[in-house]
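A short worksheet on the structure shown next.
As the structure is a computational prediction, the values presented were derived from the model and not from experiment. Labels below follow one simple rule: chain letters A, B, ... track the order of the sequence lines, proteins then strands, and each chain is numbered from 1. Computed from heavy atoms alone, side chains included, the values below leave out hydrogens, waters and symmetry copies.
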Protein chains: 2
Amino acid sequence: MKEQEQFLNGLSTLLDKMQLLDRDTMQSQLNGFKPAEVHTIEFIGKHSHTNVTQISSAMYVTRGAVSKMTKRLMAKELIESYQISDNKKEIYFRLTTAGKRIFNIHESLNHQFEKRDESVFKQTSQADIDAVLSFISKYNQHLDVLIKDRQ
Amino acid sequence: MKEQEQFLNGLSTLLDKMQLLDRDTMQSQLNGFKPAEVHTIEFIGKHSHTNVTQISSAMYVTRGAVSKMTKRLMAKELIESYQISDNKKEIYFRLTTAGKRIFNIHESLNHQFEKRDESVFKQTSQADIDAVLSFISKYNQHLDVLIKDRQ
DNA sequence: GTAATATTGTTGCCATAGAAACAATAAAAA
DNA sequence: TTTTTATTGTTTCTATGGCAACAATATTAC
């Protein structure tokens, strides 16, 4: 198998496997909250004063999907919307107290997941980790350019 | 940001971006075929004599999802099912001629996508590429163990 | 300023996938 | 062999996201 192919296959199965493992834990500790809901709460928690369009482009989903999700999260009173005085079009979001609670639980789950995979990093030399991270960052920059040029 | 976190964020946005870029090209060259359909055709093309359970565990989706997908692909006459004489339960699949055509188009698209990102690999030293690939492989093995132990 | 264009958010319809209950069959235990 | 358990594939219900049309508002061109 060629290197590029090996890289892509490796990555996608890696993330598939993580998702599979994370789902069980999420299920038990964030019962009643769907992954997509938690993911959106996570984003809003990390980026206060953000609107539908920003969320959609950062999360690589359509505005429609975000619009539906934010409506649902508002119905569950996990986020609240607000507007700024000189713009009647854009709608911004922030977490409610209940939303922050979910955010914190999710953060601690992330720590568990990190701990779960810690050994892989510990077994790897710092030089190799640096190579991996810089490669990923370089690849991301490459795609950013293509995405920008695409319109 | 911690290394592990950086690694995970980098990977997931990387794949999100690729999906975004690939979608346009797929749309134009495999018009009328959904990504999930093509993905399944790809798997069956690469693994002849495979059944629902095998497909589902290899693609990390439920048997239900595979069952529906194979039904649809059969309705479109892209795959066909068959059974072996001493087993009335398991159902195997293979590509039809039409399915093989889709498979081949998809293969050539993959080449296009590889060409698109070739420069990233060319800019990287062989040693660094090796580090990246072996890290991903090590990480995958780690998760394989966890998945096996989970049941 | 007004008109044309772009952006923002929403909605309806459809495709896809998970969960869980189920029937048919196979494998293991007795 | 017979009974029990496990596996396989299917189906229903529900959740989610894309697409595309749309209304409201903002921005740009004139």
Side-chain angles (χ1 to χ4, degrees), chain A residues 15-16 19-28 30-41 43-44 49-76 78-93 151, chain B residues 15-16 19-24 26-28 30-41 43-44 49-76 79-93 151:
Chain A
L15 289 184
D16 284 345
Q19 211 186 330
L20 189 69
L21 285 165
D22 294 358
R23 202 161 44 209
D24 295 355
T25 315
M26 293 277 246
Q27 192 81 38
S28 61
L30 279 172
N31 204 315
F33 297 98
K34 313 287 166 200
E37 292 175 348
V38 177
H39 195 198
T40 310
I41 288 173
F43 183 84
I44 295 177
H49 194 63
T50 191
N51 62 6
V52 171
T53 300
Q54 282 171 25
I55 297 173
S56 88
S57 70
M59 294 179 63
Y60 298 93
V61 292
T62 59
R63 293 198 312 265
V66 173
S67 177
K68 290 169 204 170
M69 180 55 73
T70 50
K71 277 212 167 320
R72 188 140 46 97
L73 292 177
M74 284 203 286
K76 295 188 176 186
L78 297 166
I79 63 172
E80 57 191 13
S81 68
Y82 63 98
Q83 293 188 287
I84 49 177
S85 52
D86 57 347
N87 189 316
K88 291 173 196 159
K89 195 169 63 167
E90 293 172 358
I91 299 176
Y92 292 89
F93 301 97
Q151 334 293 0
Chain B
L15 289 184
D16 284 344
Q19 209 187 329
L20 188 70
L21 285 165
D22 293 358
R23 200 159 49 205
D24 296 354
M26 292 278 246
Q27 191 83 37
S28 60
L30 279 172
N31 205 315
F33 297 98
K34 313 287 168 199
E37 291 176 348
V38 177
H39 195 197
T40 310
I41 287 173
F43 183 84
I44 296 177
H49 193 65
T50 191
N51 62 7
V52 170
T53 299
Q54 282 170 26
I55 297 174
S56 88
S57 70
M59 292 179 65
Y60 299 91
V61 292
T62 60
R63 294 199 311 263
V66 173
S67 176
K68 292 169 207 168
M69 179 57 73
T70 50
K71 279 213 166 321
R72 186 139 46 96
L73 292 177
M74 285 203 285
K76 295 188 177 187
I79 64 174
E80 57 192 14
S81 68
Y82 63 97
Q83 293 187 287
I84 49 178
S85 50
D86 56 350
N87 189 317
K88 291 173 195 158
K89 196 169 61 166
E90 294 172 356
I91 300 176
Y92 293 89
F93 301 98
Q151 334 296 357

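- In this model, no side-chain donor or acceptor of A:K88 finds a partner on the base of D:dT25 within 3.5 Å.
- Here the side chain of A:T62 is nearest to one of D:dT8, D:dG18, C:dG9, namely D:dG18.
- Residue contacts for A:Y60: at a heavy-atom cut-off of 4.0 Å it reaches the sugar-phosphate backbone alone, with no base atom in range.
- Taking only side-chain atoms of B:M69, from C-beta outward, the nucleotide of C:dA17, D:dT8, C:dA15 with the closest atom is C:dA17.
- Rounded to an integer number of Å, the gap from NZ of B:K34 to P of C:dC13 is 17 Å.
- In this structure, CD of A:E90 is placed 18 Å from P of C:dA6, rounded to the nearest angstrom.
- Just one of B:I41, B:L73, B:V52 meets the side-chain contact (heavy atoms from CB on, under 4.5 Å) condition when paired with B:F93; it is B:V52.
- If you take OH of B:Y82 and P of D:dG9, they are 12 Å apart, rounded to a whole angstrom.
- Applying the 4.0 Å criterion to OP1 and OP2 of D:dA26, one finds that A:N87 has a side-chain N or O inside that range.
- Distances from the side chain of A:A65 to the nucleotides C:dT7, C:dA26, D:dG18 place D:dG18 closest.
- Remark: B:T53 is in phosphate contact with D:dG9, judged by side-chain N or O atoms under 4.0 Å from OP1 or OP2.
- When all heavy atoms of B:M59 and A:D16 are compared, the pair lying nearest together is O-OD2, 4.4 Å.
- A:I91 and A:S81 get closest at one heavy-atom pair: CG2-CB, 3.6 Å.
- In this structure, A:N51 places its CG atom 16 Å from P of D:dT25, rounding to the nearest Å.
- At the heavy-atom level, B:K71 lies under 4.0 Å from the strands shown only through sugar-phosphate atoms.
- The phosphate of C:dT16 (OP1 or OP2) has a side-chain N or O of B:R72 nearer than 4.0 angstrom.
- For the pair B:F93 CZ and D:dT8 P, the computed distance is 13 Å after rounding to whole Å.
- For the pair A:I84 and A:H49, the minimum side-chain heavy-atom distance is below 4.5 Å.
- In this structure, A:I91 atom CD1 and D:dA26 atom P are separated by 11 Å, rounded to whole Å.
- Taking every side-chain heavy atom of A:K68 into account, D:dC19 is the closest of D:dT16, D:dC19, D:dA6.
- Protein atom NZ of B:K89 is 8 Å distant from nucleotide atom P of D:dG9, rounded to whole Å.
- Atom pair A:I55:CD1 and D:dG17:P shows a separation of 12 Å (rounding to whole Å applied).
- Distances from the side chain of A:A36 to the nucleotides D:dG17, C:dA15, D:dT8 place D:dG17 closest.
- Residues B:T40 and B:A36 approach most closely at OG1-O, 2.8 Å, considering heavy atoms.
- Looking at the side chain of B:V61, the nearest of the listed nucleotides C:dG18, D:dT11, C:dT8 is C:dG18.
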